[in-house]
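Numbers restart at 1 for each chain; the letters A, B, ... are given by sequence-line order, proteins then strands.
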Amino acid sequence: MKSFDFVQPRTVAEALAAWGPGAVWLGGGTSLIDLMKLGVAQPDVVIDLGRVAGMRSVDVQGDGAVRIGALVSNADLTRDAAFAARFPMVAEALLSGASGQLRNAATVAGNLMQHTRCAYFQDAGAACNRRDPGAGCDAQGGVGGGVAVLGASPACIAVNPSDFCVPLAALDAVVEVQGPEGGREIAMADFHLLPGDTPDRVTALAPGELIVALRLPAGADGFAGHSRYLKVRDRTSFAFATASAAAGLRMEHGRIAEARLALGAVAAKPWRVAEAEAVLIGQTPDADLFDRAATIAMAGAEPGDDLAWKIDLARKTAVRALCLAAAGTPARMPALPASVFAEPAGEKVHA
Amino acid sequence: MPLSMTLTLNGAARDVVLDDPRVTLLDLLRERLDLTGTKKGCDRGQCGACTVLVNGRRVNSCLTLAATLDGAEVTTIEGLGTAAALHPVQAAFIEHDGFQCGYCTPGQIMSAAGLISEGLDAEDPERIREGMSGNICRCGAYHGITLAVQEAARRMAADGQEDAA
Ligand SMILES: Cc1cc2nc3c(=O)[nH]c(=O)nc-3n(C[C@H](O)[C@H](O)[C@H](O)COP(=O)(O)OP(=O)(O)OC[C@H]3O[C@@H](n4cnc5c(N)ncnc54)[C@H](O)[C@@H]3O)c2cc1C
Ligand code: SF4
Ligand code: FES
Ligand code: FES
């Protein structure tokens with residue numbers, strides 16, 4: 001690991017003042033320290049956010065929106081029973097990710113900013129445009145199904161690996177940021193960028209900007225009664241998604257009044273298509289209807305040489321997530337969160 | 001610039017001077033403080049062999065910079081129980097053959113201790129397996145591990161009730 005200076009600011013203002021080119025923010029370190037060991041991240045200054053005051057609480061605001069401090073741990077957010085009851089797909093996605101140990105350390109902001117798991121990005125000896133613009137992309141024609149089928153470019157085919165970000169996108173979360181130029185808000189839909197010609201630009205954060213909080217808008221809990229996250233992976237637990245989907249329905253008299261659908265692990269950002277949600281409105285839940293929505297969501301997917309299976313898998317994952325959501329949110333978190341190995345239908349929450 | 005810090009390590013206050021901020025908690029324990037019970041498997045958060053409790057929560061010490069821990073309380077396998085008075089999780093691992101070579105075992109035991117304090121439902125082996133999925137066992141002792149965690153969780157819940165009574 002390259003050597004670095006280590007600083008521990010106590011306030012957001014001190015943190016912002018400590019930043020300069022070559023500096024990085026340190027949250028739980030579960031993504032960053034790994035990459036520093038691999039020589040993929042080589043910061044000159046590590047700014048530990050752990051002592052910064054005022055970013056560790058989950059607060060319900062006057063209008064019902066919920067504001068999650070940037071340093072709230074992934075585990076603590078799932079342990080907040082009131083939060084999990086209002087936003088079950090967020091809790092289920094978090095619990096389907098990483099391990100108990102990692103979730104204790106990982107922060108919500110770090111989860112949003114976690115780096116791709118592309119094996120060639122993590123291999124400092126491989127060519128990677130994201131790490132080193134213009135170097136090439138060894139993942140093209142490489143091995144594994146962990147690549148994008150939507151929104152990719154010749155420059156980069158990496159996917160965003162986060163589970164958490166998928167329901168955040170579905171629920172129109174907002175990212176609160178502070179920077180040298182002051183504060184601003186970034187909609188989840190605009191937060192992660194597609195690679196285009198600039199695969200090194202992964203998020204909309206400008207250099208020196210700090211995430212201070214995430215916000216779930218008022219009304220995002222309207223889906224609580226019919227809300228699921230489903231994740232297909234190589235093994236039942238402790239593996240990144242091959243395909244995933246967050247599905248939420250707001251039901252009125254047996255019909256879908258409002259619908260949300262976002263797909264994970266298919267693109268460099270959570271994939272959400274307005275038309276896929278629109279076809280569900282006013283309908284009664286039904287597998288064929290959900291298949292139509294999922295097909296619209298996956299429109300334009302590129303199978304490349306050998307990824308037709310992944311497109312099929314993602315579509316089916318979305319259909320099943322919608323079916324599970326229609327059946328109702330389980331009253332208790334499933335023993336295997338987001339798993340396709342579903343337990344017999346248990347008690348549902350009362351919407 | 002050396003960093004001076006204080007840790008409560010296995011119940012005792014320790015002053016630690018770090019000559020380099022790159023040192024992970026795992027390397028601090030093993031290489032500098034002679035606490036080699038905590039194991040290094042992958043060094044990347046993928047195996048759980050390095051699991052310790054920081055402020056009562058289980059974490060991967062391989063991905064934790066020691067420099068972040070000034071004032072923290074760290075518990076390692078050396079501080080969980082003693083040979084004469086085993087921690088209930090340690091006793092249950094012996095009783096149920098929760099290991100073979102033993103390399104993953106300190107991490108498994110620390111992870112189980114953390115999991116139980118998180119309020120594990122000990123009646124559901126599926127929840128135990130899911131909760132312990134951050135700890136890989138190359139010998140495949142999972143069956144015994146699951147039984148051991150189940151038993152320890154039950155026993156600790158019962159002891160807790162007795163204490164409260
Ligand atoms: C073995 C393993 C398995 C995993 N499995 C999964 C999985 O199945 N699903 C899943 O979703 N995730 C998984 N993860 C990833 C894990 O969720 C992330 O590593 C974690 O959420 C990152 O959070 P952190 O606080 O540790 O971030 P850090 O490692 O501290 O930081 C990550 C990045 O975010 C930046 N950053 C941190 N805080 C801020 C801030 N406030 N503002 C701006 N930038 C910031 C850092 O500079 C860095 O670039 C896994 C990780 C490991 C190691
Ligand atoms: S897919 Fe993207 S991250 Fe992976 S090697 Fe290519 S450029 Fe790098
Ligand atoms: S050594 Fe830390 S998780 Fe493997
Ligand atoms: S007992 Fe050998 S690795 Fe688990």
If I measure from the heavy atoms of chain B, does A/D48 come under 4.5 Å with its side chain, its backbone, both, or neither?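 Side chain of A/D48 only, per the 4.5 Å heavy-atom cut-off to chain B.
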
Is A/L95 in contact with chain B via its backbone, its side chain, both, or neither, using a 4.5 Å heavy-atom distance?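 Backbone only.
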
Give, as side chain, backbone, both or neither, the part of [X] having an atom under 4.5 angstrom from any heavy atom of chain A.
X	result
B/E118	side chain
B/T64	neither
B/T68	both
B/I128	neither

Crowded around A/D44 CG? As in, over 12 foreign heavy atoms under 6.0 Å?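 Result for CG/A/D44: enclosed.
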
When heavy-atom pairs shorter than 4.5 Å are enumerated against chain A, which of B/G119, B/G114, B/C62 gives the highest number?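 Answer, by heavy-atom pair count under 4.5 Å with chain A: B/C62.
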
Give me the ring orientation class for B/F93 and B/F99: parallel if the planes are under 30° apart, tilted from 30 to 60°, perpendicular past 60°.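 Ring orientation of B/F93 relative to B/F99: parallel.
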
salt_bridge([X], [Y]) N-O dist < 4.0 Å:
X	Y	value
A/K231	A/E92	no
A/R332	B/D121	yes
B/K40	B/D27	yes

Donor-acceptor pair, B/R138 side chain versus B/Y103 backbone, under 3.5 Å?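 Not a single qualifying donor-acceptor pair exists.
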
Greatest number of heavy atom pairs closer than 4.5 Å to chain B - which of A/A105, A/S237, A/S31: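 Of the options given, most contacts go to A/S237.
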
